[in-house]
Protein chains: 2
Amino acid sequence: MERELIRWLRDHLPPHRSLRLGLGDDAAVLNMAGVDECVITVDMLTDHVDFELAEVDPRRVGRKCLAANLSDLAAMAARPMAGVVALCLPRQGGLELAKGLFEGMIPLAEQYELAIAGGDTNSWDGPLAVSITLLGGVTERGPLRRGGAQPGDRIVVTGSLGGSILGRHLDFEPRVREAIALHARYELHAGMDISDGLSLDLARMLEESRCGAVIRADAVPVSDDARRLSQHPADGVTPLNHALSDGEDFELLLAVPPVAAQQMLAEQSVDVPLTDIGEFVSDAGLWIAEADGVRRPLEPRGWEHRLDNR
Amino acid sequence: MERELIRWLRDHLPPHRSLRLGLGDDAAVLNMAGVDECVITVDMLTDHVDFELAEVDPRRVGRKCLAANLSDLAAMAARPMAGVVALCLPRQGGLELAKGLFEGMIPLAEQYELAIAGGDTNSWDGPLAVSITLLGGVTERGPLRRGGAQPGDRIVVTGSLGGSILGRHLDFEPRVREAIALHARYELHAGMDISDGLSLDLARMLEESRCGAVIRADAVPVSDDARRLSQHPADGVTPLNHALSDGEDFELLLAVPPVAAQQMLAEQSVDVPLTDIGEFVSDAGLWIAEADGVRRPLEPRGWEHRLDNR
């Protein structure tokens, strides 16, 4: 990492009890005493794909990059511990850009008690790429996985869905506290974050859990953003379909046994609304049920990085 | 990560005792029982900067990317544990490229008992970027740091230096085993890997250690590659200067108390030659001493990612 940036970061990064050795050496050193299991996740976000740097303050970009990674810890109901940040910076203005990105990350890291342990910066002739790796501590309940949903479980989501492109995809709150609190208080069979679209992410949970699911159309918490987007003359997508297939909601998708779900819905013990949107079934497949009870197959749709095989 | 790549990786990644949960969930889960301290390092390598994808087999590129990161663990004398790989892939041929990169990484990971725990793949209109984060276990001696060199210590390096651009920068062996073995057997005051050039990396060690150093010109182990490069009519750089300032040697640079250094040099207990190239001194600065004993200041030179401040 460039010396001026290291100096700046040493002045701006808060100390953290887990950090035995921070910036300036070949690697950082973390205190892992008492940690039996940790989760590790990496996510790379890039200009023109995950954000438009020309249109957004670098601090919002930096915050989003870290928040998307924190959402992966939330998906596992893991407690944020430490992370490292690798940047590919455009040559021109790279140092100021790097500072701006970190200015966006640091308050969020503090909020979630995450140590920013180190990083790597490169300059090149390409667009900005931000790769963040986070470590999280597993709670007593163990990691929350995708693969445990069972027929009969309720499908529960946090918040409201769809239309994040109107701004929420930059400024969302990762559901770290909610995931840990719900995992501690209720029996959860499976969980993940909704990063690529409800129907697509639910299909992934079904694949890992080897079961199917029926979503109740009238139960899906459609966001105001989804409605607003749908009203645009050129949009042509219903609010419900936005909620089913738009990416970057970063809400939680949970498989909850019926009794626990009933209690969870009644108690609403976290700061964000919890909604029962349907149930897991034994038949493989994904369906949507209208108010009249008629089911039709639902094609999983959402955001996918398609790799070209040519 | 794309489903086809996940499936391919599940077939090709070897199991590992540290890996409680691998690919396919929002994060991997690592067994950290008994690990009190771990080091974490990230390094992003990019096309046209660290390799030329058009000219090199993706397997060599993948191997280099992982080896450069392993060298950072060697720099801390840490035992490789687990890593995650994030790829930004050009859209065309991205899947085949990703497989090629992993085919280069997997044998090296096995050789160093490193678990490849997970990753992230993105496709975009930019060049290939590979970001790898590694975790390493600290040995009983603790992490080997840059900041402990003391006046009177000998400067010891592994291998021979300079001219890696002729091919060694792709196919080098990270000095993981050597670092751990030397750290266990001898008293080392400081250590790092030579990734950006001997004089530049030594200057960084001096800055962290708050002392100076004198390199003996005739003691520097100049590589055959450095000599070959120097013979090129258009080169205009002496073999010694290649050894002092070329990047990507990925050898070890150690600060060793005199008695331990004498023993280390006599025993040559690792598979790569160990050479005493000079000493640390109390005056801040870096000098080179010719055979006649005359010292002149040595400007630290090497590879730096310069961030533009405009």
Side-chain angles (χ1 to χ4, degrees), chain A residues 2 5 20-21 24-33 35-44 46 49 72-73 75-76 78 82 84 86 88-89 91-96 98 117-124 126-127 129 131 133 136 138 143 145-146 192-193 208 305-310, chain B residues 2 5 20-21 24-33 35-44 46 49 72-73 75-76 78 82 84 86 88-89 91-96 98 117-124 126-127 129 131 133 136 138 143 145-146 192-193 208 305-310:
Chain A
E2 210 223 18
L5 186 59
R20 291 222 175 132
L21 176 63
D25 224 300
D26 292 280
V29 181
L30 303 175
N31 179 5
M32 300 294 280
V35 178
D36 271 359
E37 275 190 343
C38 81
V39 307
I40 183 167
T41 179
V42 62
D43 212 0
M44 177 126 73
T46 56
V49 178
D72 278 329
L73 293 188
M76 308 294 288
V84 289
C88 260
L89 297 156
R91 283 189 210 288
Q92 200 172 339
L95 183 59
E96 283 311 303
D120 182 39
T121 55
N122 304 276
S123 52
W124 73 341
S131 171
T133 304
V138 170
R145 297 181 52 173
R146 291 184 181 183
M192 64 188 294
D193 66 331
E208 293 296 320
H305 274 289
R306 292 194 181 277
L307 299 182
D308 191 334
N309 207 359
R310 280 169 303 168
Chain B
E2 211 224 20
L5 185 60
R20 292 222 174 133
L21 176 64
D25 224 302
D26 291 280
V29 181
L30 304 174
N31 178 4
M32 301 294 279
V35 177
D36 271 358
E37 276 190 344
C38 81
V39 307
I40 183 167
T41 178
V42 63
D43 212 359
M44 176 124 74
T46 56
V49 177
D72 277 328
L73 293 188
M76 307 295 287
V84 289
C88 260
L89 297 157
R91 283 189 210 285
Q92 201 173 338
L95 183 59
E96 283 311 302
D120 182 40
T121 54
N122 304 277
S123 52
W124 72 341
S131 172
T133 304
V138 170
R145 296 182 51 173
R146 292 183 179 183
M192 64 189 294
D193 67 331
E208 292 296 320
H305 273 288
R306 290 192 183 279
L307 300 183
D308 191 333
N309 207 359
R310 282 169 302 166

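By convention in this document, chain letters (A, B, ...) are assigned in the order of the sequence lines, proteins followed by strands, and residues within each chain are numbered from 1. All values reported here derive from a predicted model rather than from experimental measurement. What you see below is based on every heavy atom in this structure, not just the backbone, and it leaves out hydrogens, waters and symmetry mates.
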Among the listed options [options], the residue most often paired with chain B at heavy-atom distances under 4.5 Å:
| options | value |
| --- | --- |
| Val35(A), Ile40(A), Thr133(A) | Ile40(A) |
| Ala33(A), Ala78(A), Ala129(A) | Ala33(A) |
| Val138(A), Leu30(A), Asp72(A) | Leu30(A) |

Using non-hydrogen atoms and a 4.5 Å limit, figure out which bit of Arg145(B) sits close to chain A: side chain, backbone, both or neither.
both
side-chain contact (heavy atoms from CB on, under 4.5 Å) evaluation trace for Asp25(B) with Glu208(A)
CA-CA 9 Å; Asp25(B) 224 302; Glu208(A) 293 296 320; 5.8 Å; no
So which of [options] has the biggest tally of heavy-atom pairs under 4.5 Å with chain A?
| options | value |
| --- | --- |
| Ala117(B), Ala28(B), Ala82(B), Ala86(B) | Ala28(B) |
| Ser131(B), Pro127(B), Pro143(B) | Pro127(B) |
| Val39(B), Val84(B), Asp36(B) | Asp36(B) |

Nearest-0.5 Å distance that lies between atom CG in Asn31(A) and atom SG in Cys38(B):
9.5 Å
Gap separating the CE atom of Met32(A) from the CD atom of Glu37(B), nearest 0.5 angstrom
11.0 Å
Main-chain N/O of Met44(A) paired to Asp120(B) side chain as donor or acceptor, under 3.5 Å
yes
Just by distance, do the side chain of Asn122(B) and the backbone of Thr46(A) share a donor-acceptor pair under 3.5 Å?
no
Verify side-chain contact (heavy atoms from CB on, under 4.5 Å) between Met76(A) and Leu21(B), making sure each step is shown before the conclusion.
CA-CA 11 Å; Met76(A) 308 294 288; Leu21(B) 176 64; 3.9 Å; yes
Please name the pair of heavy atoms, one in Ser123(A) and one in Val49(B), separated by the smallest distance, quoted to 0.1 Å.
O-CG2, 4.3 Å
Please determine whether side-chain contact (heavy atoms from CB on, under 4.5 Å) holds for the pair Asp26(A) and Asp193(B), giving the CA-CA distance in whole Å, both sets of side-chain angles, and the decisive distance to 0.1 Å.
CA-CA 8 Å; Asp26(A) 292 280; Asp193(B) 67 331; 3.0 Å; yes
